[in-house]
Protein chains: 2
Amino acid sequence: MVANRRLEMMEETRAKLIQAARKAFAEKGYANASMDDLTAAAGLTRGALYHNFGDKRGLLQAVVDRIDGEMAARAKAIGDAAGDDWQGLLEEGRAYIEMALEPEVQRIVLLDGPAFLGDPSQWPSQNNCLQATLAKVQGLVAEGRLKPVDPEAAARLLNGAALNAALWIAASTEPQDVLAKALEAFRCLASGLLAKAD
Amino acid sequence: MVANRRLEMMEETRAKLIQAARKAFAEKGYANASMDDLTAAAGLTRGALYHNFGDKRGLLQAVVDRIDGEMAARAKAIGDAAGDDWQGLLEEGRAYIEMALEPEVQRIVLLDGPAFLGDPSQWPSQNNCLQATLAKVQGLVAEGRLKPVDPEAAARLLNGAALNAALWIAASTEPQDVLAKALEAFRCLASGLLAKAD
DNA sequence: GGATTGACATACGCAACGTATGCCAATATC
DNA sequence: GATATTGGCATACGTTGCGTATGTCAATCC
């Protein structure tokens, strides 16, 4: 039963480091986060870091994968909850915009991620959020409810629009007000994909 | 006539540093660009840098402002060349996507800029590109050709969509093919803003 | 129960940023 | 026109932080 106690410890170490990194990266940004401070906050040293993640970028990669996965799960749950696929797509967009308001998501996944890891679609995690949106668009195109547009193109542009909306909202002094405007504009843009106006 | 020879020299120094920085930042990224190397390539030392720009971020700021200004000028020229305002908006979007394919623009303005300088709309340069798009959208809304959507919201989401399209294209192995798909999708999305289908 | 593996800590070297200081030419002052 | 002064830029230094090489100790293996 007790299997490998060492592997258990290692998983715990990785979890502690990822947790501390989420906090540090979100607060100071990837570039300004000190690995000494970060590991010390987790009750470890840089030794554990380089042993488990190779280098600083490896840790960022792990953190991004984790958050990206959580985002995709939330978006999928919200999208699936809507009975209608089209409503699901809109809800997913809304969820994406709202999630992007969280400092962790915004700073780590949306700003530092692309800058230090390169284009998100090339990430090993495969950008789960994009995949979720893509699946919905593909379904709607197949049903004929959307114009015969390239599904990947549509999904990517929708995601990009949502991202910028989030950055805008986060920087504004009236987030609620701006959120409403952004969602309305998002609905307008998305409706351009419809085969016929609803 | 000869006015201040020292000020002339200083302008030249600033220009040389900005030029070298454009190259270095585009090739290695902001974080990995060494100020020693960069200034040496310009025939200067870090002394000139800190005297003229304060710090490394100051130089990035100056470079971004410069490129952003050039982009806005090009986009405006292209948009104005179209007789129709709506066509102008689409052309501007196309121009934005295509410009974002240039490594300098992509790496410096779109990736490192937001990561190290924060939200673009907060930049002193005021994000000229966004302003140009915003002006066109405002005009079209006033004419009643677009739905009464918040112009700033629409402009920001359009820009965001274009940006993601560019990242996608740049990372693809078939840029021309992907560019076509992206432009088609962009047209679809934008048409969602129209008061009535054209 | 000794040998070995491996997870993590410790110690070191190096690169790069920012600052303090120095130098020298261009302007100002008389 | 000679001296004083300003300021643009170079030089020198301290500090921080990453990555690697080495050490240590507990958990598994034979």
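Keep in mind that what you see is a predicted model, and the values were worked out from it rather than measured. Quick note on labels: first sequence line is chain A, next is B, and so on, each numbered from 1.
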Asks: Quick one: on DNA chain D, does A:Asp36 or A:Gly47 contact a more 5' nucleotide (nearest heavy atom)?
Replies: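 The residue whose closest nucleotide sits nearer the 5' end is A:Asp36.
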
Asks: Rounded to whole Å, please give me the gap between CG in A:Leu44 and C1' in C:dT10.
Replies: 14 Å

Asks: Under 4.0 Å between a side-chain N/O of A:Asn52 and OP1 or OP2 of C:dC8, yes or no?
Replies: yes

Asks: What contact category does B:Ser34 fall into here, base, sugar-phosphate, or nothing, at under 4.0 angstrom with non-hydrogen atoms?
Replies: sugar-phosphate

Asks: Quick check: do B:Phe53 and B:Arg14 have side-chain heavy atoms less than 4.5 Å from each other?
Replies: yes

Asks: Measure the distance from CG on A:Asn32 to C1' on C:dG18 and round it to the nearest whole Å.
Replies: 14 Å

Asks: Between A:Glu12 (CD) and C:dC8 (C1'), how many Å, whole number?
Replies: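 Interatomic distance, CD of A:Glu12 to C1' of C:dC8: 14 Å.
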
Asks: For B:Glu102, run the salt bridge (Lys or Arg N to Asp or Glu O under 4.0 Å) check against B:Arg107, B:Arg74, B:Arg22 and tell me which one passes.
Replies: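 Of the listed options, the one satisfying the test is B:Arg74.
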
Asks: Could a donor-acceptor pair under 3.5 angstrom be found where the side chain of B:Arg46 meets the base of C:dG18?
Replies: yes

Asks: Do the side chains of B:Glu152 and A:Lys181 get close enough for a salt bridge, i.e. N-O under 4.0 angstrom?
Replies: no

Asks: Between atom NZ in B:Lys16 and atom P in D:dG8, what is the gap in whole Å?
Replies: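 The answer, rounded to whole Å, is 15 Å.
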
Asks: Write down the distance between CZ (B:Phe53) and P (C:dC17), rounded to a whole number of angstrom.
Replies: 15 Å

Asks: So that I can tick it off, tell me whether A:Arg156 and A:Asp150 are bridged by a salt bridge, with the cut-off set at under 4.0 angstrom between side-chain N and carboxylate O.
Replies: no

Asks: Nearest whole angstrom, please: distance from the P of D:dT28 to the CE of A:Met10.
Replies: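 It is 14 Å, rounded to the nearest whole Å.
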
Asks: Please classify the nucleic acid contact of B:Leu49 as base, sugar-phosphate, or nothing, using heavy-atom distances under 4.0 Å.
Replies: nothing

Asks: Any chance NZ of B:Lys16 has more than 12 other-residue heavy atoms, nucleotides or ligands included, within less than 6.0 Å?
Replies: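 Above 12, so yes.
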
Asks: Check the phosphate of C:dC8 against A:His51, side-chain N and O only, distance under 4.0 Å to OP1 or OP2. Yes or no?
Replies: no

Asks: Under 4.0 angstrom, heavy atoms only, what part of the nucleic acid is A:Ala40 near: base, sugar-phosphate, or nothing?
Replies: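 Contact class for A:Ala40: none.
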
Asks: Could you tell me whether the phosphate oxygens of D:dG8, OP1 or OP2, come under 4.0 Å of any side-chain nitrogen or oxygen in B:Thr13?
Replies: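 Result: no.
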
Asks: Looking only at side-chain atoms of A:Tyr50, point me to the closest of C:dT10, D:dA10, D:dC18.
Replies: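 Nucleotide nearest to A:Tyr50's side chain: D:dC18.
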
Asks: Rounding to a whole Å, what distance do you find between A:Met35:CE and C:dA9:C1'?
Replies: 16 Å

Asks: Roughly how many Å is it from OH in B:Tyr30 to P in C:dA16, rounded to a whole number?
Replies: 14 Å

